[in-house]
Amino acid sequence: MKVSDLRGILQYVPRFREKIFVVALDGEVAASPNLGNLLLDLAVLRSLSIRVILVHGCGAQLLTLAKQRGVEVSSSDGTGVTDETTLKLAIEASHAVLQELMEGLAQVDLRAAYANVIIAHPAGILNGVDTLQTGRVERVDTATLQFFLNEGIIPVVPPLGFDGEGHTFRVNSDSMALEIAEAVRALKIIYLSHRGTLRLGDTMVRQLSVAETEEVLRKKRPQLEPSMVSKLEHAARACRSGIARVHLLDGTQNEALLSEIFSHEGIGTMVYSNEYQQMRRALKKDLRAIMALIRESVANAELVKRSRADLLATLDDYWLLEIDRNLAGCVAVHFYPGQETAELACLYISKSHEGKGYGRKLMSFAEQLAAKKGARHLLALSTQAYNFFQQKGGFTEVSADALPPERRRKWEASGRNSKIMRKDTALAPQAVPTTLPD
Ligand SMILES: CC(C)(COP(=O)(O)OP(=O)(O)OC[C@H]1O[C@@H](n2cnc3c(N)ncnc32)[C@H](O)[C@@H]1OP(=O)(O)O)[C@@H](O)C(=O)NCCC(=O)NCCS
(Lines give C-alpha, C1' and ligand atoms only; values in the text may rest on other atoms or scores of the structure.)
Protein backbone atom coordinates (compact mmCIF):
# COMPACT_ATOMS: atom_id res chain seq x y z
CA MET A 1 0.00 0.00 0.00
CA LYS A 2 1.24 3.49 -0.84
CA VAL A 3 1.16 6.41 1.59
CA SER A 4 -1.25 8.18 -0.75
CA ASP A 5 -3.64 5.21 -0.39
CA LEU A 6 -3.59 5.72 3.35
CA ARG A 7 -4.38 9.41 2.91
CA GLY A 8 -7.28 8.44 0.67
CA ILE A 9 -8.60 6.08 3.32
CA LEU A 10 -8.14 8.48 6.21
CA GLN A 11 -10.29 11.15 4.58
CA TYR A 12 -13.33 8.95 5.29
CA VAL A 13 -12.59 8.54 8.96
CA PRO A 14 -14.01 11.83 10.30
CA ARG A 15 -17.12 11.38 8.13
CA PHE A 16 -17.82 7.91 9.53
CA ARG A 17 -16.83 8.38 13.16
CA GLU A 18 -19.69 7.49 15.57
CA LYS A 19 -22.01 6.84 12.62
CA ILE A 20 -24.03 3.62 12.54
CA PHE A 21 -23.51 0.99 9.85
CA VAL A 22 -26.00 -1.86 9.69
CA VAL A 23 -24.14 -4.89 8.35
CA ALA A 24 -26.49 -7.64 7.20
CA LEU A 25 -25.01 -10.98 6.26
CA ASP A 26 -26.83 -13.85 4.66
CA GLY A 27 -26.62 -17.33 6.14
CA GLU A 28 -24.45 -18.38 3.18
CA VAL A 29 -21.84 -15.78 4.11
CA ALA A 30 -21.92 -16.81 7.78
CA ALA A 31 -21.16 -20.35 6.57
CA SER A 32 -18.36 -19.30 4.22
CA PRO A 33 -14.62 -19.59 4.97
CA ASN A 34 -14.43 -15.81 4.59
CA LEU A 35 -16.40 -15.17 7.80
CA GLY A 36 -13.22 -14.78 9.86
CA ASN A 37 -11.90 -12.09 7.49
CA LEU A 38 -15.21 -10.29 7.56
CA LEU A 39 -15.24 -10.16 11.32
CA LEU A 40 -11.68 -8.81 11.26
CA ASP A 41 -12.94 -6.09 8.91
CA LEU A 42 -15.65 -5.29 11.46
CA ALA A 43 -12.90 -4.94 14.05
CA VAL A 44 -11.25 -2.34 11.78
CA LEU A 45 -14.55 -0.44 11.54
CA ARG A 46 -14.91 -0.52 15.30
CA SER A 47 -11.34 0.73 15.77
CA LEU A 48 -12.32 3.76 13.67
CA SER A 49 -15.24 4.40 16.05
CA ILE A 50 -17.86 3.29 13.56
CA ARG A 51 -20.87 1.82 15.35
CA VAL A 52 -21.82 -1.53 13.90
CA ILE A 53 -25.09 -3.42 14.19
CA LEU A 54 -24.84 -6.95 12.84
CA VAL A 55 -27.95 -8.56 11.37
CA HIS A 56 -27.80 -12.10 10.10
CA GLY A 57 -29.83 -14.53 8.05
CA CYS A 58 -29.97 -18.30 8.39
CA GLY A 59 -31.47 -19.56 5.10
CA ALA A 60 -28.50 -21.71 4.09
CA GLN A 61 -28.28 -23.35 7.53
CA LEU A 62 -32.03 -23.93 7.54
CA LEU A 63 -31.87 -25.78 4.21
CA THR A 64 -28.91 -27.88 5.42
CA LEU A 65 -30.79 -28.89 8.56
CA ALA A 66 -33.90 -29.74 6.53
CA LYS A 67 -31.82 -31.96 4.24
CA GLN A 68 -30.11 -33.70 7.16
CA ARG A 69 -33.48 -34.40 8.82
CA GLY A 70 -35.23 -35.27 5.57
CA VAL A 71 -38.00 -32.71 6.12
CA GLU A 72 -39.63 -30.21 3.76
CA VAL A 73 -39.53 -26.52 4.59
CA SER A 74 -42.17 -24.08 3.46
CA SER A 75 -39.72 -21.19 2.95
CA SER A 76 -36.06 -20.62 3.69
CA ASP A 77 -35.70 -16.82 3.65
CA GLY A 78 -38.41 -15.59 5.97
CA THR A 79 -40.78 -14.61 3.20
CA GLY A 80 -43.82 -16.60 2.09
CA VAL A 81 -45.20 -19.19 4.48
CA THR A 82 -43.42 -20.34 7.64
CA ASP A 83 -45.07 -23.48 9.02
CA GLU A 84 -44.38 -24.99 12.46
CA THR A 85 -41.61 -27.33 11.17
CA THR A 86 -39.89 -24.51 9.30
CA LEU A 87 -40.04 -22.19 12.31
CA LYS A 88 -38.45 -24.83 14.57
CA LEU A 89 -35.63 -25.37 12.08
CA ALA A 90 -35.22 -21.61 11.61
CA ILE A 91 -34.79 -21.13 15.38
CA GLU A 92 -32.19 -23.91 15.46
CA ALA A 93 -30.38 -22.62 12.37
CA SER A 94 -30.43 -19.08 13.69
CA HIS A 95 -28.94 -20.14 17.04
CA ALA A 96 -26.18 -22.01 15.21
CA VAL A 97 -25.29 -18.89 13.17
CA LEU A 98 -25.43 -16.73 16.27
CA GLN A 99 -23.07 -19.10 18.09
CA GLU A 100 -20.68 -19.04 15.11
CA LEU A 101 -20.72 -15.25 15.04
CA MET A 102 -20.21 -14.89 18.79
CA GLU A 103 -17.20 -17.19 18.67
CA GLY A 104 -15.74 -15.37 15.66
CA LEU A 105 -16.30 -11.93 17.21
CA ALA A 106 -14.63 -13.07 20.45
CA GLN A 107 -11.65 -14.24 18.40
CA VAL A 108 -11.13 -10.74 17.03
CA ASP A 109 -11.60 -9.22 20.49
CA LEU A 110 -14.94 -7.62 19.75
CA ARG A 111 -17.59 -7.41 22.42
CA ALA A 112 -20.97 -8.50 21.13
CA ALA A 113 -24.41 -9.33 22.49
CA TYR A 114 -27.47 -11.14 21.22
CA ALA A 115 -29.99 -8.37 20.74
CA ASN A 116 -33.64 -9.26 21.10
CA VAL A 117 -34.88 -6.01 19.62
CA ILE A 118 -37.43 -6.95 17.00
CA ILE A 119 -41.05 -6.74 18.04
CA ALA A 120 -42.89 -8.64 15.33
CA HIS A 121 -46.46 -9.40 14.33
CA PRO A 122 -47.73 -12.03 11.91
CA ALA A 123 -47.22 -11.01 8.29
CA GLY A 124 -50.82 -12.26 7.97
CA ILE A 125 -52.77 -13.40 4.96
CA LEU A 126 -51.10 -12.27 1.76
CA ASN A 127 -52.83 -12.77 -1.59
CA GLY A 128 -55.23 -15.14 0.11
CA VAL A 129 -52.46 -17.27 1.66
CA ASP A 130 -51.95 -17.45 5.42
CA THR A 131 -48.21 -16.97 5.97
CA LEU A 132 -48.51 -18.54 9.46
CA GLN A 133 -45.34 -17.90 11.52
CA THR A 134 -43.77 -15.45 9.09
CA GLY A 135 -43.46 -12.14 10.87
CA ARG A 136 -43.13 -8.53 9.92
CA VAL A 137 -41.33 -5.97 12.01
CA GLU A 138 -43.75 -3.98 14.10
CA ARG A 139 -41.20 -2.01 16.07
CA VAL A 140 -37.46 -1.92 16.72
CA ASP A 141 -36.32 -1.54 20.32
CA THR A 142 -33.89 1.28 19.60
CA ALA A 143 -33.23 2.02 23.29
CA THR A 144 -31.65 -1.42 23.72
CA LEU A 145 -29.65 -1.05 20.51
CA GLN A 146 -28.37 2.36 21.56
CA PHE A 147 -27.49 1.02 24.99
CA PHE A 148 -25.27 -1.65 23.41
CA LEU A 149 -23.73 0.80 20.95
CA ASN A 150 -22.96 3.31 23.69
CA GLU A 151 -21.19 0.58 25.61
CA GLY A 152 -19.06 -0.32 22.58
CA ILE A 153 -20.89 -3.63 22.17
CA ILE A 154 -21.93 -4.93 18.73
CA PRO A 155 -25.59 -5.93 18.84
CA VAL A 156 -26.15 -9.13 16.85
CA VAL A 157 -29.73 -9.44 15.65
CA PRO A 158 -31.05 -12.82 14.48
CA PRO A 159 -33.80 -13.15 11.84
CA LEU A 160 -36.47 -13.76 14.45
CA GLY A 161 -38.96 -11.48 16.12
CA PHE A 162 -41.18 -11.82 19.16
CA ASP A 163 -44.61 -10.49 20.02
CA GLY A 164 -45.77 -9.37 23.46
CA GLU A 165 -47.09 -12.84 24.23
CA GLY A 166 -43.79 -14.61 23.63
CA HIS A 167 -44.56 -16.00 20.19
CA THR A 168 -41.61 -16.28 17.84
CA PHE A 169 -41.81 -15.26 14.18
CA ARG A 170 -39.41 -15.84 11.34
CA VAL A 171 -38.46 -12.48 9.82
CA ASN A 172 -36.59 -11.86 6.57
CA SER A 173 -33.14 -10.47 7.41
CA ASP A 174 -33.06 -8.02 4.48
CA SER A 175 -36.20 -6.32 5.73
CA MET A 176 -34.98 -6.45 9.30
CA ALA A 177 -31.78 -4.64 8.36
CA LEU A 178 -33.85 -1.96 6.65
CA GLU A 179 -36.21 -1.49 9.61
CA ILE A 180 -33.29 -1.30 12.04
CA ALA A 181 -31.37 1.14 9.84
CA GLU A 182 -34.43 3.39 9.57
CA ALA A 183 -35.11 3.22 13.30
CA VAL A 184 -31.55 4.14 14.34
CA ARG A 185 -30.93 6.48 11.38
CA ALA A 186 -27.97 4.49 10.15
CA LEU A 187 -25.58 6.04 7.64
CA LYS A 188 -25.31 2.86 5.61
CA ILE A 189 -26.66 -0.62 5.18
CA ILE A 190 -24.18 -3.16 3.90
CA TYR A 191 -25.77 -6.33 2.55
CA LEU A 192 -23.32 -9.19 2.32
CA SER A 193 -24.42 -12.21 0.35
CA HIS A 194 -22.93 -14.84 -1.88
CA ARG A 195 -22.44 -13.35 -5.40
CA GLY A 196 -23.95 -10.24 -3.86
CA THR A 197 -22.87 -7.68 -6.47
CA LEU A 198 -25.28 -6.70 -9.24
CA ARG A 199 -24.25 -7.90 -12.65
CA LEU A 200 -26.26 -7.00 -15.76
CA GLY A 201 -25.09 -9.09 -18.71
CA ASP A 202 -21.31 -8.89 -18.64
CA THR A 203 -21.28 -5.64 -16.72
CA MET A 204 -20.65 -5.38 -13.02
CA VAL A 205 -22.80 -2.48 -11.82
CA ARG A 206 -20.85 -0.27 -9.43
CA GLN A 207 -23.28 2.55 -8.67
CA LEU A 208 -27.01 3.01 -9.03
CA SER A 209 -29.21 5.90 -8.04
CA VAL A 210 -32.55 5.01 -6.42
CA ALA A 211 -34.34 5.83 -9.68
CA GLU A 212 -31.99 3.56 -11.64
CA THR A 213 -32.46 0.80 -9.07
CA GLU A 214 -36.22 1.01 -9.44
CA GLU A 215 -35.84 0.92 -13.22
CA VAL A 216 -33.65 -2.20 -13.03
CA LEU A 217 -36.33 -3.82 -10.87
CA ARG A 218 -39.03 -2.84 -13.39
CA LYS A 219 -37.18 -3.96 -16.49
CA LYS A 220 -34.75 -6.71 -15.47
CA ARG A 221 -36.52 -8.48 -12.62
CA PRO A 222 -36.90 -11.83 -14.45
CA GLN A 223 -33.12 -11.97 -15.10
CA LEU A 224 -32.21 -11.42 -11.46
CA GLU A 225 -31.89 -13.99 -8.69
CA PRO A 226 -34.62 -13.65 -6.01
CA SER A 227 -32.00 -12.72 -3.40
CA MET A 228 -30.75 -9.84 -5.61
CA VAL A 229 -34.34 -8.65 -6.21
CA SER A 230 -34.86 -8.57 -2.46
CA LYS A 231 -31.61 -6.67 -1.84
CA LEU A 232 -32.38 -4.11 -4.57
CA GLU A 233 -35.95 -3.61 -3.33
CA HIS A 234 -34.79 -3.03 0.21
CA ALA A 235 -31.91 -0.82 -0.94
CA ALA A 236 -34.31 1.39 -2.92
CA ARG A 237 -36.72 1.61 0.02
CA ALA A 238 -33.84 2.45 2.37
CA CYS A 239 -32.60 5.26 0.12
CA ARG A 240 -36.12 6.62 -0.31
CA SER A 241 -36.44 6.78 3.47
CA GLY A 242 -33.27 8.79 3.92
CA ILE A 243 -30.41 6.30 4.26
CA ALA A 244 -27.69 7.75 2.09
CA ARG A 245 -25.97 4.60 0.84
CA VAL A 246 -26.71 0.90 0.60
CA HIS A 247 -23.90 -1.40 -0.48
CA LEU A 248 -24.46 -4.85 -2.00
CA LEU A 249 -21.35 -6.97 -1.65
CA ASP A 250 -20.10 -10.46 -2.19
CA GLY A 251 -19.41 -11.36 1.42
CA THR A 252 -17.47 -14.47 0.43
CA GLN A 253 -14.76 -12.30 -1.14
CA ASN A 254 -11.80 -11.35 1.03
CA GLU A 255 -11.50 -7.62 1.85
CA ALA A 256 -14.79 -6.83 0.11
CA LEU A 257 -16.11 -4.85 3.06
CA LEU A 258 -13.12 -2.55 3.57
CA SER A 259 -12.46 -2.10 -0.16
CA GLU A 260 -16.04 -1.00 -0.69
CA ILE A 261 -16.16 1.40 2.21
CA PHE A 262 -12.72 2.97 1.89
CA SER A 263 -12.09 3.22 -1.81
CA HIS A 264 -13.61 5.62 -4.31
CA GLU A 265 -14.32 2.98 -6.89
CA GLY A 266 -15.58 0.29 -4.51
CA ILE A 267 -15.90 -3.33 -5.49
CA GLY A 268 -19.58 -3.98 -4.92
CA THR A 269 -22.77 -2.25 -6.01
CA MET A 270 -23.67 0.98 -4.27
CA VAL A 271 -27.24 2.26 -4.30
CA TYR A 272 -27.29 5.93 -3.38
CA SER A 273 -30.02 8.35 -2.43
CA ASN A 274 -28.51 11.77 -2.94
CA GLU A 275 -26.78 13.31 -5.91
CA TYR A 276 -23.77 11.26 -6.80
CA GLN A 277 -20.80 13.37 -7.79
CA GLN A 278 -17.62 12.13 -9.25
CA MET A 279 -14.56 13.35 -11.07
CA ARG A 280 -13.44 11.23 -13.92
CA ARG A 281 -10.94 11.52 -16.71
CA ALA A 282 -12.31 12.74 -20.04
CA LEU A 283 -12.53 10.14 -22.79
CA LYS A 284 -12.65 10.52 -26.55
CA LYS A 285 -16.40 9.94 -26.51
CA ASP A 286 -16.77 13.04 -24.28
CA LEU A 287 -15.28 15.48 -26.81
CA ARG A 288 -18.59 16.65 -28.21
CA ALA A 289 -20.12 17.07 -24.76
CA ILE A 290 -17.12 19.09 -23.51
CA MET A 291 -17.29 21.40 -26.50
CA ALA A 292 -21.03 21.89 -25.97
CA LEU A 293 -20.46 22.51 -22.26
CA ILE A 294 -17.93 25.31 -22.70
CA ARG A 295 -19.42 26.82 -25.90
CA GLU A 296 -21.10 29.77 -24.21
CA SER A 297 -18.08 30.58 -22.11
CA VAL A 298 -15.87 30.53 -25.20
CA ALA A 299 -18.33 32.85 -26.93
CA ASN A 300 -18.08 35.26 -23.97
CA ALA A 301 -14.27 35.07 -24.18
CA GLU A 302 -14.10 33.70 -20.63
CA LEU A 303 -12.43 30.58 -21.97
CA VAL A 304 -10.02 30.34 -24.84
CA LYS A 305 -11.36 28.73 -28.02
CA ARG A 306 -10.30 25.11 -28.42
CA SER A 307 -10.81 23.12 -31.60
CA ARG A 308 -11.69 19.44 -31.51
CA ALA A 309 -8.11 18.67 -32.52
CA ASP A 310 -6.70 20.88 -29.71
CA LEU A 311 -8.87 19.09 -27.18
CA LEU A 312 -8.00 15.68 -28.53
CA ALA A 313 -4.28 16.39 -28.36
CA THR A 314 -4.45 17.16 -24.62
CA LEU A 315 -7.46 15.05 -23.69
CA ASP A 316 -5.55 13.14 -21.02
CA ASP A 317 -5.26 16.39 -19.05
CA TYR A 318 -9.03 16.88 -18.86
CA TRP A 319 -11.23 15.87 -15.93
CA LEU A 320 -14.99 15.97 -15.83
CA LEU A 321 -17.34 16.61 -12.94
CA GLU A 322 -20.42 14.44 -13.19
CA ILE A 323 -23.46 14.93 -11.03
CA ASP A 324 -25.93 12.09 -11.18
CA ARG A 325 -24.10 11.07 -14.36
CA ASN A 326 -24.68 14.44 -16.05
CA LEU A 327 -21.74 16.52 -17.11
CA ALA A 328 -21.67 19.54 -14.80
CA GLY A 329 -18.15 20.90 -15.16
CA CYS A 330 -14.63 20.38 -16.34
CA VAL A 331 -11.07 21.30 -15.59
CA ALA A 332 -7.76 20.55 -17.25
CA VAL A 333 -4.34 20.31 -15.64
CA HIS A 334 -1.47 20.68 -18.10
CA PHE A 335 2.03 19.77 -17.07
CA TYR A 336 5.26 21.33 -18.30
CA PRO A 337 7.93 18.66 -18.02
CA GLY A 338 11.09 19.77 -16.26
CA GLN A 339 9.42 22.98 -15.05
CA GLU A 340 7.85 21.88 -11.75
CA THR A 341 4.90 23.89 -12.94
CA ALA A 342 1.40 22.85 -13.90
CA GLU A 343 -1.42 24.93 -15.34
CA LEU A 344 -5.05 24.80 -14.37
CA ALA A 345 -7.09 25.49 -17.51
CA CYS A 346 -10.57 25.31 -18.92
CA LEU A 347 -12.24 25.46 -15.52
CA TYR A 348 -15.94 25.58 -16.16
CA ILE A 349 -19.08 24.94 -14.16
CA SER A 350 -22.39 24.73 -16.00
CA LYS A 351 -24.84 27.55 -15.34
CA SER A 352 -27.27 25.23 -13.57
CA HIS A 353 -24.61 24.22 -11.05
CA GLU A 354 -22.94 27.57 -10.46
CA GLY A 355 -22.63 29.00 -6.97
CA LYS A 356 -22.73 25.65 -5.17
CA GLY A 357 -19.04 25.34 -4.43
CA TYR A 358 -18.16 23.12 -7.40
CA GLY A 359 -15.79 25.69 -8.93
CA ARG A 360 -13.79 25.72 -5.69
CA LYS A 361 -13.84 21.94 -5.50
CA LEU A 362 -12.46 21.63 -9.02
CA MET A 363 -9.84 24.25 -8.29
CA SER A 364 -8.63 22.30 -5.26
CA PHE A 365 -8.89 19.04 -7.19
CA ALA A 366 -6.54 20.51 -9.83
CA GLU A 367 -4.19 21.66 -7.12
CA GLN A 368 -4.08 18.23 -5.49
CA LEU A 369 -3.53 16.56 -8.84
CA ALA A 370 -0.67 18.94 -9.66
CA ALA A 371 0.91 18.36 -6.23
CA LYS A 372 0.55 14.61 -6.57
CA LYS A 373 2.35 14.67 -9.88
CA GLY A 374 5.22 16.68 -8.41
CA ALA A 375 4.39 20.21 -9.60
CA ARG A 376 5.38 22.85 -7.07
CA HIS A 377 3.40 25.68 -8.65
CA LEU A 378 0.00 25.84 -10.25
CA LEU A 379 -0.70 28.55 -12.79
CA ALA A 380 -4.10 29.80 -13.92
CA LEU A 381 -4.63 32.29 -16.76
CA SER A 382 -7.90 34.14 -16.81
CA THR A 383 -9.50 37.17 -18.42
CA GLN A 384 -12.62 37.35 -16.27
CA ALA A 385 -12.33 34.98 -13.33
CA TYR A 386 -9.01 36.16 -11.88
CA ASN A 387 -10.80 37.45 -8.80
CA PHE A 388 -12.23 34.00 -8.32
CA PHE A 389 -8.76 32.45 -8.35
CA GLN A 390 -7.41 35.08 -6.00
CA GLN A 391 -10.28 35.35 -3.56
CA LYS A 392 -11.51 31.77 -3.48
CA GLY A 393 -8.34 29.89 -4.36
CA GLY A 394 -5.50 31.87 -2.80
CA PHE A 395 -3.72 32.51 -6.11
CA THR A 396 -1.65 35.68 -6.55
CA GLU A 397 -1.03 37.59 -9.73
CA VAL A 398 2.46 37.19 -11.22
CA SER A 399 4.24 38.51 -14.29
CA ALA A 400 4.67 36.66 -17.57
CA ASP A 401 8.17 35.67 -16.38
CA ALA A 402 6.49 32.94 -14.33
CA LEU A 403 5.30 31.18 -17.48
CA PRO A 404 7.34 28.32 -18.92
CA PRO A 405 8.97 29.60 -22.16
CA GLU A 406 6.75 27.71 -24.58
CA ARG A 407 3.63 28.79 -22.65
CA ARG A 408 4.82 32.40 -22.65
CA ARG A 409 5.11 32.37 -26.45
CA LYS A 410 1.53 31.09 -26.69
CA TRP A 411 0.28 33.69 -24.22
CA GLU A 412 1.92 36.51 -26.20
CA ALA A 413 0.61 35.17 -29.50
CA SER A 414 -2.99 34.84 -28.26
CA GLY A 415 -3.37 38.59 -27.65
CA ARG A 416 -5.93 37.79 -24.90
CA ASN A 417 -3.81 39.52 -22.31
CA SER A 418 -5.08 37.14 -19.62
CA LYS A 419 -3.92 37.79 -16.08
CA ILE A 420 -1.48 35.21 -14.82
CA MET A 421 -2.15 33.75 -11.38
CA ARG A 422 0.06 31.39 -9.45
CA LYS A 423 -0.17 29.31 -6.32
CA ASP A 424 2.32 27.07 -4.55
CA THR A 425 1.00 23.54 -4.36
CA ALA A 426 3.17 22.54 -1.41
CA LEU A 427 0.31 22.87 1.02
CA ALA A 428 -2.18 20.85 -0.99
CA PRO A 429 -3.01 17.44 0.50
CA GLN A 430 -1.69 14.78 -1.83
CA ALA A 431 -4.63 12.39 -2.08
CA VAL A 432 -6.67 13.07 -5.18
CA PRO A 433 -10.35 12.45 -4.56
CA THR A 434 -12.33 11.13 -7.49
CA THR A 435 -15.59 10.97 -5.59
CA LEU A 436 -16.33 14.33 -4.09
CA PRO A 437 -18.80 13.76 -1.27
CA ASP A 438 -20.04 10.69 0.46
C1 LIG B 1 -15.65 30.79 -12.29
C2 LIG B 1 -16.48 29.54 -12.11
C3 LIG B 1 -15.64 28.31 -12.42
C4 LIG B 1 -17.00 29.48 -10.68
O5 LIG B 1 -17.71 28.29 -10.45
P6 LIG B 1 -18.80 28.12 -9.29
O7 LIG B 1 -19.10 26.68 -9.14
O8 LIG B 1 -19.93 29.02 -9.51
O9 LIG B 1 -17.94 28.65 -8.02
P10 LIG B 1 -18.19 28.35 -6.49
O11 LIG B 1 -19.60 27.98 -6.27
O12 LIG B 1 -17.14 27.44 -6.00
O13 LIG B 1 -17.87 29.78 -5.86
C14 LIG B 1 -18.79 30.79 -5.96
C15 LIG B 1 -18.16 32.05 -5.41
O16 LIG B 1 -17.22 32.53 -6.37
C17 LIG B 1 -17.61 33.82 -6.82
N18 LIG B 1 -17.32 33.92 -8.24
C19 LIG B 1 -17.86 33.21 -9.24
N20 LIG B 1 -17.35 33.63 -10.43
C21 LIG B 1 -16.48 34.62 -10.14
C22 LIG B 1 -15.67 35.47 -10.93
N23 LIG B 1 -15.64 35.38 -12.26
N24 LIG B 1 -14.89 36.37 -10.30
C25 LIG B 1 -14.90 36.50 -8.96
N26 LIG B 1 -15.70 35.72 -8.15
C27 LIG B 1 -16.48 34.82 -8.74
C28 LIG B 1 -19.09 33.88 -6.54
O29 LIG B 1 -19.54 35.21 -6.39
C30 LIG B 1 -19.21 33.12 -5.23
O31 LIG B 1 -18.81 33.92 -4.18
P32 LIG B 1 -19.39 33.71 -2.67
O33 LIG B 1 -19.09 32.31 -2.27
O34 LIG B 1 -18.64 34.71 -1.86
O35 LIG B 1 -20.84 33.96 -2.77
C36 LIG B 1 -17.72 29.55 -13.03
O37 LIG B 1 -18.46 30.70 -12.80
C38 LIG B 1 -17.41 29.46 -14.50
O39 LIG B 1 -17.43 28.38 -15.06
N40 LIG B 1 -17.15 30.61 -15.17
C41 LIG B 1 -16.90 30.66 -16.59
C42 LIG B 1 -15.58 30.07 -17.02
C43 LIG B 1 -14.38 30.74 -16.40
O44 LIG B 1 -14.28 31.95 -16.31
N45 LIG B 1 -13.39 29.92 -16.00
C46 LIG B 1 -12.15 30.34 -15.41
C47 LIG B 1 -11.06 30.47 -16.44
S48 LIG B 1 -10.02 29.05 -16.48
Side-chain angles (χ1 to χ4, degrees), residues 274-282 286-287 289-307 310-311 313-336 341-371 375 377-398 400 402-404 407-408 410-425 428-429 432-437:
N274 50 354
E275 281 182 337
Y276 181 67
Q277 305 162 19
Q278 69 164 345
M279 293 296 294
R280 68 166 177 86
R281 260 183 198 289
D286 300 312
L287 277 176
I290 298 172
M291 294 191 75
L293 180 75
I294 62 176
R295 185 175 300 133
E296 198 182 320
S297 211
V298 170
N300 296 339
E302 289 168 326
L303 291 180
V304 69
K305 190 170 171 9
R306 289 161 174 88
S307 68
D310 293 335
L311 265 178
T314 51
L315 194 62
D316 279 352
D317 295 350
Y318 281 77
W319 289 80
L320 307 182
L321 167 68
E322 283 187 333
I323 296 178
D324 272 351
R325 302 209 192 290
N326 297 317
L327 186 54
C330 63
V331 67
V333 184
H334 303 306
F335 291 89
Y336 296 95
T341 296
E343 181 186 343
L344 177 162
C346 203
L347 172 65
Y348 183 79
I349 299 296
S350 74
K351 290 275 167 275
S352 54
H353 290 94
E354 261 183 3
K356 294 178 180 168
Y358 294 123
R360 268 171 290 201
K361 279 184 179 171
L362 261 59
M363 196 160 43
S364 88
F365 173 84
E367 194 180 325
Q368 290 173 31
L369 188 64
H377 313 287
L378 184 64
L379 296 168
L381 278 65
S382 176
T383 53
Q384 295 171 43
Y386 45 84
N387 269 344
F388 177 75
F389 289 110
Q390 287 173 344
Q391 291 164 5
K392 311 294 174 194
F395 284 73
T396 45
E397 191 176 350
V398 289
L403 293 174
R407 184 62 180 100
R408 183 173 182 153
K410 237 173 107 187
W411 175 77
E412 279 163 356
S414 78
R416 280 169 56 83
N417 208 17
S418 321
K419 289 199 183 202
I420 303 160
M421 252 81 49
R422 190 171 73 173
K423 180 173 187 183
D424 290 346
T425 59
V432 179
T434 51
T435 309
L436 296 179

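Numbering of ligands and ligand atoms starts at 1, following listing order. Here, residue 1 is the first one in the sequence, and each next residue gets the next number.
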Subject >> Q391 and ligand 1 - part of the residue with a heavy-atom distance under 4.0 Å >> reply: neither
Original post:
Side chain or backbone of L303 under 4.0 Å from ligand 1, or both, or neither, by non-hydrogen atoms?
Top reply: side chain
**OP:** Inspect the surroundings of CZ in R408 and state if more than 12 heavy atoms from other residues, nucleotides or ligands are less than 6.0 Å away.
**Re:** yes
Considering distance alone, does some N or O of [X] sit under 3.5 Å from an N or O of ligand 1?
X: C346; value: no
X: H353; value: no
X: K392; value: yes
X: K356; value: yes
X: L381; value: no
X: A385; value: no
X: L347; value: yes
X: R360; value: yes

How far is [atom] from the closest protein heavy atom, and which atom is that?
atom: atom 18 (N) of ligand 1; value: F388 CD1, 3.7 Å
atom: atom 36 (C) of ligand 1; value: E354 OE2, 3.8 Å
atom: atom 11 (O) of ligand 1; value: G357 N, 2.7 Å
atom: atom 23 (N) of ligand 1; value: Q384 O, 3.4 Å

Original post:
Would a search of protein heavy atoms around atom 2 (C) of ligand 1 find one under 4.0 Å away?
Top reply: no
Original post:
What do you think, any protein heavy atom under 4.0 angstrom from atom 16 (O) of ligand 1?
Top reply: yes
Original post:
Do the side chains of K351 and E296 get nearer than 4.5 Å, heavy atoms only?
Top reply: yes
**OP:** Can you measure from CG (N417) to CD (E412) and round to the nearest 0.5 angstrom?
**Re:** 10.5 Å
Subject >> For atom 8 (O) of ligand 1, the option (of S350, G355, A328) bearing the nearest heavy atom >> reply: G355
**OP:** Give the C-alpha distance, both sets of side-chain angles, the deciding distance and a yes or no for side-chain contact (heavy atoms from CB on, under 4.5 Å) between L403 and L381.
**Re:** CA-CA 10 Å; L403 293 174; L381 278 65; 4.0 Å; yes
Subject >> Distance-only polar pair, side chains of D310 and S307, donor-acceptor under 3.5 Å >> reply: yes
